[in-house]
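Note sheet for the following structure.
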Amino acid sequence: WSEPLAEGAVILRRQVRDDAETLLKVINEIALRNPFYHRITPGGHRMSVAMTHCGDFGWSSDAQGYHYTDRDVETGQKWPPMPECFRQLAADAASQAGFPHFNPDACLINRYEPGTKLTLHQDKDERDLRQPIVSVSLGLPAVFQFGGFERSDAAQRVLLEHGDVVVWGGPSRLRFHGILPLKFGVHPLAGAFRYNITFRRAR
Ligand code: MD5
Ligand code: FE
């Protein structure tokens with residue numbers, strides 16, 4: 001079922017629950033080629049979220065900050081290709097939310113363990129901010145913070161659970177958002193982790 005959050009943002013509750021086992025298998029295959037790693041921020045901090053990527057573009061950081069690259073700058077290797085089932089899932093969700101021509105070229109997979117958090121931030125490294133982001137939650141539940149357009153704006157708390165898909169588009173594309181520290185737990189399919197797959201049009 002579909003749950004509107006704000007203009008341009010909609011939660012498709014349990015949308016991919018029946019595909020979750022396959023999605024987790026595919027994540028594991030991607031991680032065999034491009035292992036999850038903890039990025040060091042430009043400020044020198046190790047992020048508690050572990051990340052991997054697939055698709056034409058992935059995120060890299062260097063002294064200049066963050067940007068999209070067509071390969072992993074650590075290894076010089078191209079990112080693993082985006083599986084067709086991933087692309088299809090993202091296009092279907094975007095289309096249901098009113099974005100019929102979404103064709104992602106970047107897929108970021110975040111892995112959270114108990115205690116992992118993501119502090120309030122905006123996603124604005126993509127070239128065309130009229131393109132939505134589609135995000136898929138798997139495994140342990142998380143409390144998502146859905147803020148406003150200034151960091152100091154009050155944030156709504158929204159529980160995101162296994163199988164939920166959210167489409168962030170229109171004005172909601174640039175809202176501040178984050179994830180509160182993950183609670184301890186064990187999920188029957190994902191173990192002690194939450195995975196979040198985000199699909200983006202980077203270029
Ligand atoms: C997550 N990931 O649960 C979230 C899902 C990230 C990130 O935030 O940057 O990797 S994507 C949530 C999102 C994206 C774009 C806009 C908004 C939320 N929003 O306006 O609230 O790991
Ligand atoms: Fe984000």
Side-chain angles (χ1 to χ4, degrees), residues 3-13 15-16 20 23-24 27 36-39 41-42 47-55 57-61 65-68 86 89-90 93-94 97-99 102 104 106-151 153-183 187 190 193-202:
E3 199 177 302
L5 254 186
E7 199 185 338
V10 60
I11 310 182
L12 305 171
R13 289 285 183 197
Q15 169 104 339
V16 299
L23 295 172
L24 288 164
I27 290 173
F36 280 102
Y37 66 101
H38 294 267
R39 183 183 298 287
T41 65
M47 288 183 74
S48 59
V49 183
M51 299 176 173
T52 185
H53 307 265
C54 66
F57 298 101
W59 230 35
S60 297
S61 60
Y66 300 112
H67 48 112
Y68 282 101
F86 271 26
L89 180 173
F99 301 92
F102 185 54
C107 173
L108 161 67
I109 304 166
N110 287 330
R111 189 186 68 189
Y112 296 76
E113 49 195 299
T116 299
K117 61 180 169 24
L118 193 60
T119 52
L120 281 180
H121 67 279
Q122 289 173 299
D123 290 18
K124 50 180 184 187
D125 294 323
E126 298 74 25
R127 187 167 287 167
D128 180 1
L129 297 175
R130 293 168 306 185
Q131 299 280 334
I133 291 180
V134 173
S135 84
V136 177
S137 294
L138 296 169
L140 292 177
V143 180
F144 182 83
Q145 294 180 290
F146 186 52
F149 300 99
E150 308 281 348
R151 188 181 298 277
D153 290 345
Q156 266 188 76
R157 291 177 175 198
V158 182
L159 191 69
L160 293 181
E161 293 178 275
H162 182 68
D164 291 350
V165 176
V166 191
V167 181
W168 314 96
S172 293
R173 181 67 177 71
L174 280 172
R175 283 178 181 262
F176 277 89
H177 59 278
I179 295 283
L180 293 183
L182 203 76
K183 289 207 180 99
H187 186 276
F193 293 108
R194 169 184 191 248
Y195 294 91
N196 185 271
I197 315 173
T198 60
F199 295 96
R200 301 148 190 269
R201 186 78 198 176

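Quick caveat, the model's predicted, so the values are computed rather than measured. Scope of the values below: all heavy atoms of this structure, side chains included, with no hydrogens, waters or symmetry mates. Order of appearance sets the numbers: ligands from 1, and atoms from 1 within every ligand.
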Identify the protein heavy atom lying closest to [atom], giving its residue, its atom name and the separation to 0.1 Å.
{"atom": "atom 7 (C) of ligand 1", "value": "L118 CD2, 3.6 Å"}
{"atom": "atom 3 (O) of ligand 1", "value": "R194 NH1, 2.9 Å"}
{"atom": "atom 19 (N) of ligand 1", "value": "S172 O, 3.2 Å"}
{"atom": "atom 22 (O) of ligand 1", "value": "Y112 OH, 2.5 Å"}
{"atom": "atom 4 (C) of ligand 1", "value": "N196 OD1, 3.9 Å"}

Angular separation of H121 NE2 and H177 NE2 about the Fe ion (ligand 2), given to 10°
90°

For the side chain of [X] and the backbone of [Y], is there at least one donor-acceptor N/O pair under 3.5 Å apart?
{"X": "R175", "Y": "G147", "value": "yes"}
{"X": "R173", "Y": "Q131", "value": "yes"}
{"X": "E126", "Y": "R201", "value": "no"}
{"X": "S48", "Y": "K117", "value": "yes"}
{"X": "R39", "Y": "W59", "value": "yes"}
{"X": "S135", "Y": "T198", "value": "no"}
{"X": "R151", "Y": "L120", "value": "yes"}

Residue part near ligand 1, for [X], under 4.0 Å between non-hydrogen atoms:
{"X": "M51", "result": "neither"}
{"X": "L108", "result": "side chain"}
{"X": "V49", "result": "neither"}
{"X": "H177", "result": "side chain"}
{"X": "H121", "result": "side chain"}

Should R200 be listed as contacting ligand 1, given a heavy-atom distance under 4.0 Å as the test?
yes

Any heavy atom of Q122 closer to ligand 1 than 4.0 angstrom?
no

Side chain to side chain contact (heavy atoms under 4.5 Å, CB included) with V136: of L160, V16, V166, D164, only one passes, and it is V16

Which option wins on minimum heavy-atom distance to atom 10 (O) of ligand 1: T198, N110, I109?
N110

Restricting D123 to its N/O/S atoms, the closest one to the Fe ion (ligand 2) is OD1

Give me the ring orientation class for F144 and H177: parallel if the planes are under 30° apart, tilted from 30 to 60°, perpendicular past 60°.
parallel

